[in-house]
Amino acid sequence: MKLKIAVLPGDGIGPEVTNVALDVVKAVCRRFGHTLDYATAIAGAGAIDAVGSPYPEETHQLCLDSQAVLFGAIGSPKYDNNPTSKVRPEQGLLAMRKKLGLYANIRPIMTFPKLFHKSPLKEEVIRNADFVCIRELTGGMYFGRPQGRSEDGTQAYDTCMYSRDEITRIVNLAYEFASRRRNKVTVVDKANILATSRLWREVAQEIAGNHPEIATDYLFVDNAAMKLIQSPRDFDVIVTENTFGDILTDEAAVISGSLGMLPSASIGTFTSVYEPIHGSYPQAAGKDVANPLAAVLSASMMFDYSFQLQEEAAMVKASVEKVIEEGVVTMDIVQDGCRAYRTSEVGTRLVEIIERF
Ligand code: IPM
Ligand code: MN
């Protein structure tokens, strides 16, 4: 099979971890006889510096012309805490989500027995936790207008807006996922307070009615935040709006023991984007110490979702499990008293494992 992918390494540790993911993708393609056709493009702070836009048109065209996008991370301290700078790297991410129509962000939360001790939660709480957060990604407060300041600058406002259609497509997706998993959907909202949440709940209840074989739970987001780390095993598929999903998925990362482990897929109208959920981690940039496993697991999701290559996806995941078992891992997840490996060393080992599987 021929695979055409766009690679957007981005800022900070993005290039290092994406490089490892790309090496893994190449190794899998060699192994299975696929032809890989890839091209790299700029995004984020680097793109602002180079051409003045965090998501240049050329980058967008490449994404549209590809079957999948491997994305690193964007963000730079140069633009943080600087409310006066007109263009910020994060706007590139939002522009990409909107222009590619990436309305669903899928973040699977999984655990690895060797990393139980890295989580601040007790092993008996997190053991076998395995659920998927489906976050709506192109609506809500992130995109609602009006947004801004009052004329005298003393007040600011954002708008949270959702249409029936936006809610319907994402909730339907959650039921699709649940039907291939453990048949349980948890709808997270704040329907006791917010009008948008009441519409979410109304739509979700209608859809739930069409799926008697699937159990549906409704939780207010504050309660969900508590239950998520109190009894993570109770969840199978969580579906929620943009801002709630942003917050809950960072919280859920605690279950895995390291933000450096969690992949994501953003899917929608055009090309899907695969990206680690950690950010650009500028402090570690260029040091060859960042954990590449979230980026590699994102590549596994790419084989699965964009190419329906399940065997390839499973092999990538198995190679990650193997390096964790062997202890060939970066400093964030290394066992006490063991040596930490560099990002590139983990990459080399992953490729060896794939070649020998
Ligand atoms: C994420 C990130 C982004 C978001 C930022 C960088 C704009 O936190 O992908 O979760 O808030 O969506
Ligand atoms: Mn986030």
Side-chain angles (χ1 to χ4, degrees), residues 8-15 17-18 21 43-48 53-55 59 63 69-83 85-109 132-144 147 158-160 162 166 170 188 221 224-225 228-229 238-256 258-268 272-285 290-291 294-295 297-298 301-302:
L8 275 48
D11 305 320
I13 59 170
V17 299
T18 308
I48 299 178
S53 158
Y55 185 59
T59 300
C63 292
V69 179
L70 270 188
F71 190 92
I74 65 178
S76 155
K78 190 172 150 190
Y79 296 92
D80 291 345
N81 301 320
N82 179 6
S85 91
K86 282 223 164 48
V87 47
R88 284 173 293 108
E90 287 76 8
Q91 289 167 342
L93 202 53
L94 297 197
M96 180 177 74
R97 288 172 182 173
K98 202 64 175 181
K99 288 176 126 179
L100 293 176
L102 305 173
Y103 60 79
N105 182 228
I106 296 152
R107 298 183 167 182
I109 308 293
V132 181
C133 289
I134 300 187
R135 165 187 174 193
E136 202 290 330
L137 202 60
T138 50
M141 266 193 293
Y142 276 66
F143 294 95
Q147 177 188 64
D158 297 282
T159 302
C160 187
Y162 269 107
E166 286 174 311
I170 191 94
V188 173
V221 62
L228 206 58
I229 49 173
I238 294 175
V239 63
T240 192
E241 65 92 48
N242 206 343
T243 307
F244 296 161
D246 178 45
I247 299 166
L248 290 180
T249 50
D250 262 33
E251 186 196 4
V254 167
I255 296 164
S256 275
S258 171
L259 203 53
M261 294 303 303
L262 293 180
S264 82
S266 297
I267 66 178
S272 301
V273 174
Y274 299 87
E275 128 190 50
I277 92 160
H278 60 68
S280 57
Y281 192 18
Q283 301 86 334
N291 188 346
L297 288 169
S298 301
M301 293 182 83
M302 175 188 81

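For ligands, and for the atoms within them, numbers begin at 1 and follow the listed sequence.
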Notebook entry, point to check: Of all residues at least two apart in sequence or in a different chain, which pass the ring-ring contact (aromatic ring centres under 6.0 Å, His included) check with Y55?
Noted result: H60
Checklist line | Y281 OH: over 12 foreign heavy atoms closer than 6.0 Å | finding: no
Item checked: the Mn ion (ligand 2): protein N, O or S atoms [distance under 2.8 Å] -> D246 OD1
Notebook entry, point to check: Are any side-chain N or O atoms of E90 and backbone N or O atoms of G92, one a donor and one an acceptor, separated by less than 3.5 Å?
Noted result: no
Margin query: Under the side-chain contact (heavy atoms from CB on, under 4.5 Å) test against Y142, which residue among L93, T243, L137, D158 passes?
Written below: T243
Notebook entry, point to check: Any side-chain donor-acceptor pair under 3.5 Å between T249 and R107?
Noted result: yes
Item checked: Donor-acceptor under 3.5 Å (T138 side chain, G101 main chain) -> no
Checklist line | Exam field: side chain S280 to backbone G75, donor-acceptor pair closer than 3.5 Å | finding: yes
Next item on the list: Could you pull out all residues at least two apart from R135 that satisfy salt bridge (charged side-chain N to carboxylate O under 4.0 Å, His left out)?
Entry: D246
Item checked: Pair S76-D11, side-chain donor/acceptor within less than 3.5 Å -> no
Ligand 1 N/O to protein N/O, distances under 3.5 Å:
{"unit_1": "ligand 1", "atom_1": "8 (O)", "unit_2": "D246", "atom_2": "OD1", "d": "3.4"}
{"unit_1": "ligand 1", "atom_1": "9 (O)", "unit_2": "R97", "atom_2": "NH2", "d": "2.8"}
{"unit_1": "ligand 1", "atom_1": "9 (O)", "unit_2": "R107", "atom_2": "NH2", "d": "3.1"}
{"unit_1": "ligand 1", "atom_1": "10 (O)", "unit_2": "R107", "atom_2": "NH2", "d": "3.0"}
{"unit_1": "ligand 1", "atom_1": "10 (O)", "unit_2": "R135", "atom_2": "NH1", "d": "3.2"}
{"unit_1": "ligand 1", "atom_1": "10 (O)", "unit_2": "D246", "atom_2": "OD1", "d": "3.0"}
{"unit_1": "ligand 1", "atom_1": "11 (O)", "unit_2": "Y142", "atom_2": "OH", "d": "2.6"}
{"unit_1": "ligand 1", "atom_1": "12 (O)", "unit_2": "R97", "atom_2": "NH1", "d": "2.8"}
{"unit_1": "ligand 1", "atom_1": "12 (O)", "unit_2": "R97", "atom_2": "NH2", "d": "3.4"}
{"unit_1": "ligand 1", "atom_1": "12 (O)", "unit_2": "R135", "atom_2": "NH1", "d": "3.4"}
{"unit_1": "ligand 1", "atom_1": "12 (O)", "unit_2": "R135", "atom_2": "NH2", "d": "2.8"}

